[in-house]
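Here's the structure, in structure tokens; my notes come after.
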Amino acid sequence: MVSRYKSFVYVEDLSRHIGEQVTLRGWVYDKTAKGKLVFIKLRDGSGTVQCVLFKPNVDEAIAEAAAQLTQESSVEIIGTVRAEERAPGGVELDVQDVRIHQLSANYPITPKEHGVEFLMEHRHLWLRSTRQHAIMRVRAQVVKAIRDFFDGNGFKLQDSPIFTPNACEGTSTLFETDYFDLGKAYLTQSGQLYAEATAMALGRVYTFGPTFRAEKSKTRRHLTEFWMVEPEMAWFDLNDDMDLAEDLVEYIVQHVLATSQRELLALGRDISKLEKVRRPFHRMSYSEAVEWLNANNVKLNRKQADGTEIQVDFPWGEDFGAPQEEALMTQFEKPCIIHRYPSEVKAFYMKRDPEDSRVVLAMDMLAPEGAGEIIGGSQREDDHDALLARLRHEQLPEEAFQWYLDLRKFGSVPHAGFGLGLERTVKWITGAEHIREVIPFPRMIYRIVP
RNA sequence: UCCGCAGUAGCUCAGCUGGUUAGAGCAUCUGACUGUUAAUCAGAGGGUCCGGGGUUCAAGUCCCUGCUGCGGAGCCA
């Protein structure tokens, strides 16, 4: 028996059905009546099409049903597909029948403007709006690009656990939960440590899933639950790592350009800016970046003991904040990788630069147009004793890291990897103002509903 | 956590130096119209002015306090 759904026709395929009678299933996005005409904008998840009903052409009962329709009522509309130059999608439907499935009453989100708080409280409905719909479709394409890129380049997907017994980078930012008789478990901040283990088994791996940070960050680039893809590669050094990061980001952007023109147009995105995202990207060392900041008079706000703020030259050794990153990126139209950060501001597992012991072989990729950091990565410390010394220096619980130290005892090799933040990447590509718009149900410091 | 801003109709907002019965647009409902795209035109209904306390002859408006939300910083992807 052939499943019923195989005969469904969707709005995005209508141009292949011109002249045919089809049944569309969807929701009323908007309705206007003008005399004997009723215009119904129907959305079905794949797109939106205007359905035109001319009252003298149908039975009175059908005209009445059409007149009854309200915003977001669910309905089946039967009609003939017609090419129509005036329509945004190039086609319209001449309505022959209207079958109401459910009439919706007082749908809260109107085509007019709304405030952020109101929209966030109705996030489950807001997702139906044109702009949110376009963003979610781009998000799906970004995920597909990531998977295609790695799957097509010899990587194996090896997902890491969500429950972990220890922190990856300090304990202040972990969500804690009870774990039976074993004490506390924590929601993972990163799958990286596990990816290092699977990379030693499979060579090139990537882990892709949600990660959690209990940071009380309240900005337009932070979520407490966000998705991260983390490749990890045996035998890669920092340069290999940076090359791979460039290849990935170029691939993602070019894939979205190839598949999502309609969505980018709906979002009002300046496509010419994305077209410039081609290898090679810019690269500079942390030290060069500090020199640039000071040469261009970008100061650092520093609080004094008495509480007042003064502006000082940017000191070598300090980590960059959003203002510094933004200033650095004003000179570039494509992403820039900053590498070799001071070891003090970076995580314990990063390998020291053999040529300069003050810095580690780390790299961050900053996206242009004020989008900020989308990638953080490094070559990992592969020497057992050096790693143990770093663990002790950071006062991390040695026992919890025994298995991780094992990786440096049994066939240790140079290896490297990075993490790409999915939401930050989608925010940059879509041009969304706030990260809460690029994940269906954002989890933020002051919001967990819906 | 710190700094700043806001809360008035279903939504977005206006409301002056405290002074009559708190306003507009949209949305909703009724009517007109064969091409609307945020339609237009005519009419109707719609209020715990965030909660609590205070000052005053009089508070949406001033003061104190609480709650909620927004923007930014730090930290980070």
Side-chain angles (χ1 to χ4, degrees), chain A residues 29-41 48-57 67-68 70-71 82 84-89 92 94 104-122 130 168-170 172-173 189-192 210-230 245 300-303 307-309 318-326 341 345-347 363-367 371-377 418-428 433-436 438-439 444-447:
Chain A
Y29 194 69
D30 198 11
K31 188 194 82 179
T32 0
K34 184 166 167 54
K36 297 191 171 69
L37 285 167
V38 183
F39 299 98
I40 302 158
K41 283 199 199 70
T48 305
V49 67
Q50 177 160 274
C51 307
V52 185
L53 181 144
F54 186 49
K55 285 179 183 172
N57 287 352
Q68 271 192 301
T70 52
Q71 196 188 356
R82 174 167 48 77
E84 170 60 66
E85 272 186 22
R86 287 171 289 187
E92 276 188 359
D94 280 326
S104 130
N106 301 318
Y107 184 72
I109 300 177
T110 65
K112 291 282 183 170
E113 56 184 333
H114 297 286
V116 170
E117 183 184 0
F118 180 80
L119 290 170
M120 285 307 299
E121 275 166 16
H122 295 87
T130 307
C168 184
E169 324 184 1
S172 61
T173 60
Q189 300 172 300
S190 160
Q192 178 206 317
T211 50
F212 308 85
R213 306 269 167 101
E215 294 155 2
K216 293 198 166 177
S217 302
K218 195 172 143 19
T219 79
R220 64 179 77 178
R221 343 172 262 291
H222 284 87
L223 295 165
T224 57
E225 176 180 335
F226 66 97
W227 281 64
M228 187 155 64
V229 60
E230 295 171 280
L300 181 73
N301 287 330
R302 177 159 275 173
K303 236 184 200 158
T308 58
E309 275 194 0
E318 190 91 8
D319 203 359
F320 299 137
Q324 288 79 39
E325 290 181 350
E326 215 161 292
Y341 282 81
V345 302
K346 289 292 179 184
M363 61 98 171
D364 285 354
M365 186 189 291
L366 308 181
E373 186 179 343
I374 56 170
I375 282 180
F418 61 83
L420 174 135
L422 175 64
E423 286 78 16
R424 285 193 182 175
T425 304
V426 176
K427 176 175 178 285
W428 165 44
E433 278 296 302
H434 199 294
I435 200 164
R436 64 184 161 223
V438 304
I439 184 168
M444 295 176 296
I445 169 168
Y446 293 126
R447 182 173 294 282

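Chain A is the first sequence line, chain B the second, and so forth, proteins listed ahead of strands; every chain is numbered from 1.
- Note on A/Lys216: a side-chain N or O is less than 4.0 Å away from OP1 or OP2 of B/U1.
- Distance noted for atom P between B/A58 and B/C3: 36 Å (whole Å).
- Taking the P atom of each, B/C76 and B/U17 are spaced 47 Å apart, rounded to whole Å.
- With hydrogens and angles ignored, a donor-acceptor pair under 3.5 angstrom links the side chain of A/His222 to the base of B/C76.
- Comparing the same atom, P, in B/G25 and in B/C70 gives a spacing of 30 Å after rounding to whole Å.
- Nucleotides B/U28 and B/C67 are separated by 38 Å at their P atoms, to the nearest Å.
- Listed nucleotides: B/U36, B/G69, B/G71. Nearest to the side chain of A/His434: B/G71.
- Residue A/Gln50 places a side-chain atom within donor-acceptor reach of the base of B/U36, judged by atom type and a 3.5 Å distance cut-off alone.
- The listed nucleotides are B/A77, B/C70, B/A39; the one nearest the side chain of A/Lys218 is B/C70.
- Listed nucleotides: B/C11, B/U37, B/G71. Nearest to the side chain of A/Arg86: B/U37.
- With A/Thr211 contributing its side chain and A/Ser190 its backbone, the two residues share no donor-acceptor pair below 3.5 Å.
- The residue A/Leu223 sits close to a base: some heavy atom pair falls under 4.0 Å.
- A/Ser217 contributes a side-chain N or O that forms a donor-acceptor pair with the base of B/C75 under 3.5 Å.
- Considering only side-chain atoms of A/Glu84, the nucleotide from B/A77, B/G35, B/G74 that sits closest is B/G35.
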Would you check, one step at a time, whether the test side-chain contact (heavy atoms from CB on, under 4.5 Å) holds for A/Arg220 with A/Ile435?
-> CA-CA 6 Å; A/Arg220 64 179 77 178; A/Ile435 200 164; 5.8 Å; no
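- For A/Lys31 (side chain) and A/Ala67 (main-chain N/O), a donor-acceptor pair under 3.5 Å exists by modelled atom type.
- If you find the closest nucleotide of RNA chain B to A/Trp227 and to A/Arg447, the one lying nearer the 5' end belongs to A/Arg447.
- With distances taken from any side-chain atom of A/Phe118 to the nucleotides B/A77, B/A39, B/U12, the minimum falls on B/U12.
- Both A/Asp94 and A/Ala33 lie near RNA chain B, and the one whose nearest nucleotide falls closer to the 5' end is A/Asp94.
- Closest approach of A/Glu92 to A/Ala87, counting heavy atoms only: CG-CB, 3.9 Å.
- B/C57: Watson-Crick or G-U partner is B/G19, with both key distances under 3.5 Å.
- For B/U12 and B/C50, the P atoms lie 14 Å apart once the distance is rounded to whole Å.
- Side-chain atoms of A/Glu121 and base atoms of B/G69 include no donor and acceptor less than 3.5 Å apart.
- B/C63 and B/G23 have their C1' atoms separated by 27 Å, given to the nearest Å.
- Between A/Phe118 and A/His122, the two ring planes are tilted [angle within 30° to 60°].
- At a cut-off of 3.5 angstrom, counting only N and O atoms as typed in the model, there is a donor on one side and an acceptor on the other between the side-chain of A/Arg424 and the base of B/C76.
- Of the candidate nucleotides B/A27, B/G74, B/U36, B/U36 has the atom nearest to the side chain of A/Thr32.
- B/U48 and B/C41: their C1' atoms are spaced 36 Å apart (whole Å).
- Residue-level contact check: A/Glu92 touches the bases, meaning some heavy atom is under 4.0 Å from a base atom.
- Look at the P atom in both B/C64 and B/A6: the space between them is 14 Å, to the nearest Å.
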